[in-house]
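If you're wondering where the values come from, they're calculated on a predicted model, not measured in any experiment. Letters A, B, ... are given to chains in the order of the sequence lines, protein chains preceding strands, and every chain is numbered from 1.
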Number of protein chains: 2
Amino acid sequence: MADVKHFDPDAALDAAMRLFWQRGTASTGVQDVVDATGLNRSSLYATFGSKQELYRATLERYVRSRSRLLLGPLEEDGGGLPAVREFFDRLIETRCTGEFARWGCMVSNAHAGGENGDPEVGAVLDRQHRQLCAALRTALGSAQRQGQLAAGTDPESAADVLALLAHGVNIRSRAGADARQLRATVTAAIGAVAPGA
Amino acid sequence: MADVKHFDPDAALDAAMRLFWQRGTASTGVQDVVDATGLNRSSLYATFGSKQELYRATLERYVRSRSRLLLGPLEEDGGGLPAVREFFDRLIETRCTGEFARWGCMVSNAHAGGENGDPEVGAVLDRQHRQLCAALRTALGSAQRQGQLAAGTDPESAADVLALLAHGVNIRSRAGADARQLRATVTAAIGAVAPGA
DNA sequence: CCCTTCTTGAACCGATGGTTCCAAGATATC
DNA sequence: GATATCTTGGAACCATCGGTTCAAGAAGGG
């Protein structure tokens with residue numbers, strides 16, 4: 001009865017995501033998206049509605065794919081302190097090397113870029129930050145139950161501190177901060193807020 | 001012989017600074033600057049050259065005025081641990097209340113906004129981060145000499161951790177993070193990385 | 001009052017912003 | 001193969017972008 005899409009919307013969304021991630025909303029023109037995705041303006045608007053809706057879609061794709069990739073292991077049962085250390089190792093690795101080096105985190109970038117002027121975007125940012133805190137809390141809680149933490153350590157406030165620290169890593173990585181330096185700092189931080197037993 | 005400027009360049013620079021600080025470079029048009037400063041395009045270009053040069057000028061004004069306001073007390077001799085606590089108190093106060101609430105830090109914003117594509121801007125960002133680390137190191141060093149720190153505390157790595165944490169505070173404040181929550185988290189962090197004697 | 005120097009407002013430039021529209025092309029059902 | 005329905009390509013839309021230019025006006029020194 002009808003025609004079907006001649007392109008892969010998921011691939012297009014991914015290409016657009018990378019654009020917004022790297023350069024932000026304001027610095028990315030619709031023409032840039034057209035060029036990067038290869039599809040036409042009409043198809044783009046027919047599929048995603050508007051630039052703002054497209055941005056929201058890419059942001060949600062980011063938190064569901066890229067963020068999940070990092071947070072997933074953290075939320076698994078019984079990860080404990082090693083899971084926390086591995087989370088930051090992988091975070092710094094991702095932020096400083098490979099194809100995403102110097103791109104930072106799309107969520108942190110959205111924070112600073114003021115994209116939260118859009119209430120829907122703001123809600124995503126808050127939710128994502130709470131999820132990061134919760135994931136760290138889960139891992140630190142399991143660390144405590146496994147007796148990995150020194151007595152008197154509070155997993156909740158430690159998780160909040162490390163979550164803020166993660167934002168700091170994301171920000172500094174955009175300026176090309178040295179991975180070794182970041183790793184050393186983060187290691188010191190973990191050792192201080194979540195000291196081993 | 002000639003005519004003299006009919007406006008105050010410093011006031012104009014300050015108005016432009018607020019614009020770039022709040023909304024970023026890409027989202028701020030020259031017309032916005034014209035409207036905010038009250039002076040016209042010609043005077044603006046005659047005085048500052050280009051939009052990019054104007055941005056650089058406002059960024060430097062920011063680090064020389066606003067940042068200095070926060071970092072100054074930290075660098076003074078003998079501030080010790082109380083100076084560190086006061087720095088974060090004032091940071092959070094500035095970021096969450098008053099006319100600059102939800103504006104974040106212009107330097108952190110520039111990081112995430114990718115403004116460091118301009119090498120001169122990137123240099124300012126790196127310099128400013130190093131200065132923040134150095135200021136914290138100074139205060140923590142004096143704390144150690146005054147016997148305020150527990151044995152085994154390393155002022156240098158503690159300073160690096162707190163500097164990253166400051167970026168985190170700046171970022172989260174843009175999303176309207178609760179000041180009390182931030183204060184509690186920061187207090188926990190200071191207590192962990194720079195425990196009192 | 002003249003003349004020089006600066007400021008000012010407005011118009012102008014090409015490029016680009018996001019968005020819409022319509023004819024042409026493609027496809028699955030009948 | 002005809003037809004209905006969707007996608008596609010491309011152009012056009014109108015506003016604004018950053019940046020430049022120019023003529024008129026204002027202000028000081030002679």
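Residues Leu162(B) and Leu132(B) have side chains not in contact (no heavy-atom distance under 4.5 Å, counting atoms from C-beta outward). A 4.5 Å side-chain heavy-atom check between Arg183(B) and Phe88(B) finds every atom pair outside the cut-off.
The side chain of Ser42(A) contributes no N or O atom lying less than 4.0 Å from OP1 or OP2 of dG9(D).
Protein atom CG of Leu39(B) is 11 Å distant from nucleotide atom P of dT7(C), rounded to whole Å. We find that CG of Asp32(B) is positioned 6 Å from P of dC17(D), with the value rounded to whole Å. Separating the CG atom of Asp35(A) from the C1' atom of dG18(C) is a distance of 15 Å, rounded to the nearest angstrom. As rounded to whole Å, 18 Å separates atom C1' of dT7(D) from atom OH of Tyr45(A). When the P atom of dC22(D) is taken as reference, atom CG of Asn40(B) falls 17 Å away, rounded to whole Å. The interatomic distance linking Leu44(A) (CG) with dG18(C) (P) rounds to 11 Å, in whole Å. Residue Gln31(B) contributes atom CD, which lies 13 Å from atom C1' of dG19(D) at whole-angstrom precision.
Between dG19(D), dT19(C), dC17(D), one nucleotide has an atom nearer to the side chain of Ser50(B) than all others, and that is dG19(D). When the nucleotides dG18(D), dC17(D), dT19(C) are ranked by their closest atom to the side chain of Val30(A), dT19(C) comes out on top. Comparing dT7(C), dG18(D), dG18(C) by their closest approach to the side chain of Ser43(B) singles out dT7(C). Among the nucleotides dG18(D), dA11(D), dT8(D), the one closest to the side chain of Phe7(A) is dT8(D).
The pair Asp14(B)-Arg18(B) meets the salt-bridge criterion, with a side-chain N (NZ, NE, NH1 or NH2) lying under 4.0 Å from an Asp/Glu carboxylate O. A salt bridge is absent between Asp160(B) and Arg130(B); no separation between the charged side-chain nitrogens and carboxylate oxygens falls under 4.0 Å.
Residue contacts shown for Ser27(A) are absent, as no nucleic acid heavy atom lies under 4.0 Å away. In this structure, Thr28(A) reaches the sugar-phosphate backbone alone: every heavy-atom distance under 4.0 Å involves primed, P, OP1 or OP2 atoms, never a base.
Counting atom types as modelled, Arg41(A) pairs no side-chain N or O with a base atom of dG9(D) as donor and acceptor under 3.5 Å.
Under the 6.0 Å cut-off for aromatic ring centres, His129(A) and His167(A) qualify, their centroids lying closer than that.
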